[in-house]
Amino acid sequence: MAATNNTFAVTGLTCGHCVGAVTDELRELPGVSGVDIDLVAGGVSTVTVTASIPPTNEQVAAALDEAGNYRLANI
């Protein structure tokens, strides 16, 4: 299966440490091969997940919760 890019709007990220924590948790999801985060400190950051199995909003929300106090902006 070809990898696809899936973009999510995320709140709560404020620094490089936040980016690292979120990246680490999202990489644990099945099929994820890459995570790219456009950090907007204190605002709505754009998180792009490259995966052969597109993650669900629920999977991403759970990974964000595991990483810290981060939330999907559209839920």
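Of all non-hydrogen atoms in Pro55 and Ala51, the two that sit nearest each other are CD-CB, 4.2 Å. Considering every non-hydrogen atom in both Gln59 and Pro54, the closest pair reads OE1-O, 4.3 Å.
Annotation: side-chain contact (heavy atoms from CB on, under 4.5 Å) contacts of Thr14 (sequence neighbours excluded): Cys18. Take Thr4 and apply the side-chain hydrogen bond (donor to acceptor under 3.5 Å, both in side chains) test, not counting sequence neighbours, and it matches Asn6. Applying the side-chain contact (heavy atoms from CB on, under 4.5 Å) rule to Val40 yields the partners Ser45; only residues at least two apart in sequence or on another chain are considered. The side-chain hydrogen bond (donor to acceptor under 3.5 Å, both in side chains) search around Asn5 returns Thr50, not counting sequence neighbours. Checked against side-chain contact (heavy atoms from CB on, under 4.5 Å), Ala62 has no partners two or more places apart in sequence or in another chain. Partners of Asp65 by salt bridge (charged side-chain N to carboxylate O under 4.0 Å, His left out), not counting sequence neighbours, listed by chain and number: Arg71.
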Side chain to side chain contact (heavy atoms under 4.5 Å, CB included) for Val35 and Val22? Distances and angles first, verdict last.
CA-CA 9 Å; Val35 177; Val22 168; 5.5 Å; no
I'd like to know whether Asn57 forms a side chain to side chain contact (heavy atoms under 4.5 Å, CB included) with Phe8, so could you lay out the CA-CA distance, the side-chain angles of the two residues, the decisive distance to 0.1 Å, and finally the verdict.
CA-CA 8 Å; Asn57 282 349; Phe8 302 90; 3.3 Å; yes
Going through the checks in order, is the side chain to side chain contact (heavy atoms under 4.5 Å, CB included) test met by Val60 and Leu26?
CA-CA 7 Å; Val60 172; Leu26 289 172; 4.1 Å; yes
Would Thr7 and Val47 satisfy side chain to side chain contact (heavy atoms under 4.5 Å, CB included), going step by step from the backbone distance to the final call?
CA-CA 6 Å; Thr7 304; Val47 177; over 6 Å; no
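Within the 4.5 Å cutoff, the side chain of Tyr70 has heavy atoms near those of the Leu13 side chain.
Applying the side chain to side chain donor-acceptor pair (under 3.5 Å) rule to pairs touching residues 15-34 yields nothing, sequence neighbours excluded.
Taking OG1 from Thr48 and CD1 from Ile37, the interatomic distance works out to 9.0 Å, rounded to the nearest 0.5 Å.
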